[in-house]
Amino acid sequence: MTAENAIFLGASRKPDDTYQQAEALALKYGNRHGIVTGATGTGKTVSLQVLAEGFSAAGVPVFCADIKGDLSGIAAIGQAKDSLTKRAEEVHLDPYELRASPVIFWDIFGEQGHPIRATIAEMGPLLLSRLMNLTNAQEGVLNIAFRLSDEEGLLLLDLKDLQALLAHMVTRSEELSARYGNVNKASVGAIQRSLLVLEQQGGTSFFGEPALRIADIMRTTTDGRGVVSVLAADKLMNNPRLYSTFLLWLMSELFEQLPEVGDPEKPRLVFFFDEAHLLFDEAPKALLTRIEQVVRLIRSKGVGIYFVSQNPLDVPESVLAQLGNRVQHALRAYTPRETAAVKTAADTFRPNPDFQTFEAITNLSTGEALVSTLQEKGIPSMVQRTLMRPPASRIGPLTPEERAQIIATSPVAGQYDQAIDRESAFEILQKKVVEIAEAQEKAKVEPESGGIWGDLVGTALGTKKTSGRQTVAETAMKSVVRSVGTSLGNALVRGILRNFKR
């Protein structure tokens with residue numbers, strides 16, 4: 001393999017303790033996925049940085065999460081420290097060129113990068129159910145809400161759209177239950193409470209428009225290098241369910257939007273999923289099936305997925321079996337679980353007669369890793385004890401001033417910074433309530449009744465006695481008034497009051 005068709009990872013260690021043979025990852029097998037594992041402080045982040053630099057230099061766009069902020073240094077030129085220069089000499093990296101990679105910073109909260117948004121409709125009921133940890137019954141009601149949205153043209157873009165639609169469904173619960181199955185107030189109320197929690201955890205920032213365009217994370221520079229999209233995830237990790245759901249949504253969007261390309265000479269995009277265990281923890285069976293499907297089939301779209309985690313046991317066997325490129329840093333075996341993790345890691349490698357894989361994993365020094373990559377015909381190489389090459393970019397985080405400068409001059413500057421709130425389910429349902437109220441007003445309700453507003457509010461609050469069947473307007477207004485105290489109820493009532501004041 002040459003520098004044009006492979007990523008140089010480092011040099012393998014021989015029995016005489018010298019590093020001689022180059023170890024590399026063939027670009028043509030870069031979309032066969034991979035995994036980087038190891039205990040804290042063993043060099044996982046630097047290995048991720050080396051891989052991201054290599055793919056970028058080969059013209060492959062990269063998307064990765066920056067959990068601790070350290071990965072941001074990939075956007076700055078590295079420093080020629082003695083330790084790095086010595087390692088470059090040991091692995092025969094000549095010349096050792098220092099350079100920065102082209103980077104776009106992203107941040108769901110819009111603080112350390114360009115905002116990333118997705119619409120409620122794009123997220124879909126399955127991922128939203130995962131995000132809100134809904135029961136099967138509640139997930140069923142959410143599926144009905146999405147079905148109703150499609151049938152009646154009620155576009156779901158942000159949280160208030162879904163909140164408005166759920167409130168609307170309560171007023172039509174009998175009708176909807178007859179059509180789709182049980183729509184009870186208890187399930188709707190539970191979903192609304194979950195939406196409130198999600199809103200407090202930052203969901204309002206994430207859901208809305210303009211939504212992320214896949215093309216903006218698949219950019220290349222004028223000199224042919226792939227752009228590295230770095231997601232600021234230090235704050236996002238305070239809500240790990242949002243983090244994992246977002247990255248799973250992104251993987252699903254790539255799977256659904258990109259055309260089939262078979263096995264290209266190099267990937268179209270490489271996706272690094274740090275803290276991979278968060279994707280699988282407490283995931284329901286339907287979601288695990290979806291993850292397995294995406295991982296299995298997305299390689300034909302030219303996308304490589306690389307999981308980064310401390311422990312290989314964090315990844316289910318059905319997914320682990322599909323990860324052809326492996327970088328294993330040191331693991332410790334002090335407990336039965338840790339021993340099982342080391343054994344699992346050792347068993348996934350093609351054995352090398354020069355050493356015992358199990359023992360090597362526990363004795364690796366910082367910066368060393370066991371490496372096995374796919375070779376000709378997709379056959380895994382024999383595992384090699386490898387000293388990883390030093391990165392060309394900075395090891396460690398950028399300063400806030402450096403980050404701000406890169407954000408200001410990025411190719412997507414100004415495209416996502418301002419949120420857009422166009423007409424969708426919330427506005428449409430608000431108009432319907434107003435139209436019904438105006439129609440009732442024109443019907444000239446009895447003077448002593450206090451007018452349409454007084455009647456409807458009285459009915460909703462139970463202060464006005466009614467005889468016979470409630471009107472559609474009364475039913476709708478009753479739901480609205482009961483929601484006063486929430487942001488949705490206040491907004492709807494203010495809209496109606498404005499119309500009556502004109």
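Hydrogens, waters and symmetry mates are skipped; everything else that's a heavy atom, side chains included, is used.
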Undergrad: To the closest 0.5 Å, what do you measure between OG (Ser244) and CG (Asp281)?
TA: 8.5 Å
Undergrad: Could you walk me through whether Phe207 and Arg117 pass the side chain to side chain contact (heavy atoms under 4.5 Å, CB included) check?
TA: CA-CA 5 Å; Phe207 291 108; Arg117 301 183 187 88; over 6 Å; no
Undergrad: When you measure from the side chain of Ser194 to the backbone N and O of Ala190, does any donor-acceptor pair fall under 3.5 Å?
TA: yes
Undergrad: Of all residues at least two apart in sequence or in a different chain, which pass the side-chain contact (heavy atoms from CB on, under 4.5 Å) check with Gln415?
TA: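 Partners of Gln415 under the side-chain contact (heavy atoms from CB on, under 4.5 Å) test: Arg213, Asp216, Arg219, Val412.
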Undergrad: Taking atom types as modelled, is there a side-chain donor on Gln138 or Ser129 under 3.5 Å from an acceptor on the other?
TA: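 Side-chain D/A pair, Gln138 to Ser129: absent.
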Undergrad: Counting N and O atoms only, with roles assigned by atom type, does the side chain of Ser410 sit under 3.5 Å from a partner on the main chain of Ile406, one being a donor and the other an acceptor?
TA: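 Here the side-chain-to-backbone pair does not exist.
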Undergrad: Start with the C-alpha gap between Ile120 and Leu157, add the side-chain angles, then the distance that decides, and say whether side chain to side chain contact (heavy atoms under 4.5 Å, CB included) holds.
TA: CA-CA 5 Å; Ile120 292 287; Leu157 300 180; over 6 Å; no
Undergrad: Which pair of non-hydrogen atoms, one from Gly30 and one from Asn325, has the smallest distance, and what is that distance?
TA: CA-ND2, 4.5 Å
Undergrad: How long is the straight-line distance from CZ of Arg337 back to CG of Asn311, given to the nearest 0.5 Å?
TA: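 Reported value, rounded in 0.5 Å steps: 5.0 Å.
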Undergrad: Considering only heavy atoms from C-beta outward, does the side chain of Phe307 approach that of Val295 to under 4.5 Å?
TA: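 Side chain of Phe307 against side chain of Val295, heavy atoms only: contact under 4.5 Å found.
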Undergrad: Do side-chain atoms of Asp107 reach the backbone of Gln112 as a donor and acceptor pair under 3.5 angstrom?
TA: yes
Undergrad: Take atom CG in Asn136; do more than 12 heavy atoms of anything else shown fall under 6.0 Å from it?
TA: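 For Asn136, atom CG is not crowded (no more than 12 foreign heavy atoms under 6.0 Å).
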Undergrad: Under 3.5 Å, which donor-acceptor pairs link side chains of residues 266-278 to any protein atom two or more places apart or in another chain?
TA:
residue	atom	partner	partner atom	Å
Lys266	NZ	Ala58	O	2.7

Undergrad: Looking only at atom types and distance, does a side-chain atom of Thr171 sit under 3.5 Å from a main-chain N or O of His168, one as donor and one as acceptor?
TA: yes
Undergrad: Rounded to the nearest 0.5 Å, how far apart are OG1 of Thr399 and CD of Gln405?
TA: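 Between Thr399 OG1 and Gln405 CD, I get 10.5 Å after rounding to 0.5 Å.
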Undergrad: Are the side chain of Lys44 and the backbone N or O of Gly38 linked by a donor-acceptor pair below 3.5 Å?
TA: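 Here the side-chain-to-backbone pair exists.
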Undergrad: Checking Arg225 against Thr220: is there a side-chain donor and acceptor pair closer than 3.5 Å?
TA: no
Undergrad: Yes or no on salt bridge (charged side-chain N to carboxylate O under 4.0 Å, His left out) for Arg172 and Glu175, after CA distance, side-chain angles and deciding distance?
TA: CA-CA 5 Å; Arg172 299 172 56 185; Glu175 171 202 344; 2.8 Å; yes
Undergrad: Can you sort out the partners of Asn238 under side-chain contact (heavy atoms from CB on, under 4.5 Å), two or more places apart, ordered by chain and number?
TA: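 Here the qualifying residues are Lys235.
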Undergrad: Have Glu152 and Ser149 got a donor and an acceptor in their side chains that come within less than 3.5 Å?
TA: no
Undergrad: Compute whether any side-chain donor of one residue and acceptor of the other, for Gln310 and Thr37, lie under 3.5 angstrom apart.
TA: no
Undergrad: Among all residues two or more places apart in sequence or in another chain, which pass the side-chain contact (heavy atoms from CB on, under 4.5 Å) test with Glu151?
TA: Arg147, Arg179, Tyr180
Undergrad: When you compare the side chain of Ile305 with that of Asn31, does any pair of heavy atoms fall below 4.5 Å?
TA: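 They are not in contact (no side-chain heavy atoms under 4.5 Å apart), so the answer is no.
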Undergrad: How would you list all residue pairs meeting side-chain hydrogen bond (donor to acceptor under 3.5 Å, both in side chains) that involve residues 62-75, not counting sequence neighbours?
TA: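 Those involving residues 62-75 do not exist here.
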Undergrad: Do Arg403 and Phe105 meet the cation-pi criteria used here (NZ or CZ under 6.0 Å from the six-membered ring centre, within 45° of the axis)?
TA: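 Satisfied, under 6.0 Å and within 45°.
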Undergrad: Answer yes if the side chains of Glu174 and Ser177 hold a donor-acceptor pair under 3.5 Å, and no otherwise.
TA: no
Undergrad: Looking only at heavy atoms, which two atoms of Pro316 and Leu288 are closest? And how far apart?
TA: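 Nearest heavy atoms, Pro316 then Leu288: CG-CD2, 4.5 Å.
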Undergrad: Okay, side chain of Glu256, backbone of Glu253: is any donor-acceptor separation there less than 3.5 Å?
TA: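 Checked: no pair found.
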Undergrad: Take Leu128 and Phe146 through the side chain to side chain contact (heavy atoms under 4.5 Å, CB included) test and state the conclusion after the steps.
TA: CA-CA 11 Å; Leu128 276 176; Phe146 274 76; 3.6 Å; yes
Undergrad: Any chance you could measure Leu398, atom CG, to Ile407, atom CD1, to the nearest 0.5 Å?
TA: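 The distance works out to 9.5 Å.
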Undergrad: Do Leu166 and Gln163 come close enough that some side-chain heavy atom pair is under 4.5 Å?
TA: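 Heavy-atom side-chain distance check fails, nothing below 4.5 Å.
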Undergrad: Within the side chain of Asn239, is there an N or O that forms a donor-acceptor pair under 3.5 Å with the backbone of Leu236?
TA: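 No, because the side chain of Asn239 does not come within donor-acceptor range (under 3.5 Å) of the backbone of Leu236.
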Undergrad: If you round to the nearest 0.5 Å, how far is NE2 of His33 from CG of Leu320?
TA: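 Interatomic distance, Leu320 CG to His33 NE2, rounded to 0.5 Å: 12.5 Å.
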Undergrad: Identify the two heavy atoms, one from Met132 and one from Leu198, that lie closest to each other, and give their separation to 0.1 Å.
TA: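 Smallest interatomic distance, heavy atoms only, reads CG-CD2, 4.4 Å.
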Undergrad: Where do Leu71 and Ala65 come nearest, in terms of heavy atoms and distance?
TA: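 The pair with the smallest heavy-atom distance is CD2-O, 4.0 Å.
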Undergrad: Examine distances only and state if a side-chain atom of Asp314 and a backbone atom of Ser309 form a donor-acceptor pair shorter than 3.5 Å.
TA: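 No; zero donor-acceptor contacts below 3.5 Å.
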Undergrad: I'd like to know whether Asn133 forms a side chain to side chain contact (heavy atoms under 4.5 Å, CB included) with Arg241, so could you lay out the CA-CA distance, the side-chain angles of the two residues, the decisive distance to 0.1 Å, and finally the verdict.
TA: CA-CA 9 Å; Asn133 199 26; Arg241 194 176 291 272; 4.2 Å; yes
Undergrad: Got a second to check how far Thr204's OG1 is from Glu199's CD, nearest 0.5 Å?
TA: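 The CD atom of Glu199 is 4.0 Å from OG1 of Thr204, to the nearest 0.5 Å.
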Undergrad: Do Ser101 and Glu53 have side-chain atoms, one donor and one acceptor, less than 3.5 Å apart?
TA: no
Undergrad: Atom CD of residue position Gln418 - does it have more than 12 heavy atoms of other residues, nucleotides or ligands inside 6.0 Å?
TA: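 Incorrect, the count does not exceed 12.
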Undergrad: Do Leu231 and Leu247 touch side chain to side chain, with heavy atoms closer than 4.5 Å?
TA: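 Yes; the side chains approach each other to less than 4.5 Å.
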Undergrad: Ignoring hydrogens, what is the shortest heavy-atom contact between Pro312 and Ala341? Give both atom names and the distance.
TA: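 Nearest pair, atom of Pro312 first, then Ala341: CG-O, 3.6 Å.
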Undergrad: Provide the closest heavy-atom pair for Ile144 versus Asn182 in the form atom of the first, atom of the second, distance.
TA: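 In this case the closest contact between Ile144 and Asn182 is CD1-O, 4.4 Å.
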Undergrad: Report yes if some heavy atom in the side chain of Thr221 is under 4.5 Å from a heavy atom in the side chain of Val227; otherwise report no.
TA: yes
Undergrad: Taking only residues two or more places apart in sequence, or in another chain, which ones meet Tyr416 in a ring-ring contact (aromatic ring centres under 6.0 Å, His included)?
TA: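 Testing Tyr416 for ring-ring contact (aromatic ring centres under 6.0 Å, His included), a comparison that skips the adjacent residues, returns Trp106.
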Undergrad: Take Gln293 and Arg296 through the side chain to side chain donor-acceptor pair (under 3.5 Å) test and state the conclusion after the steps.
TA: CA-CA 5 Å; Gln293 178 193 41; Arg296 185 175 66 254; over 6 Å; no
Undergrad: Can you list the steps and then say if Glu427 with Arg422 is a salt bridge (charged side-chain N to carboxylate O under 4.0 Å, His left out)?
TA: CA-CA 9 Å; Glu427 290 79 13; Arg422 61 189 173 108; over 6 Å; no
Undergrad: Check whether any side-chain heavy atom of Ile67 lies under 4.5 Å from a side-chain heavy atom of Asp234, and answer yes or no.
TA: no
Undergrad: Please check if the side chain of Asp417 supplies one atom and the backbone of Ala413 the other of a donor-acceptor pair under 3.5 Å.
TA: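 Such a contact is absent between Asp417 side chain and Ala413 backbone.
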Undergrad: Answer yes or no: is there a side-chain heavy-atom contact under 4.5 Å between Phe280 and Val319?
TA: yes
Undergrad: Do Asp158 and Asp421 touch side chain to side chain, with heavy atoms closer than 4.5 Å?
TA: yes
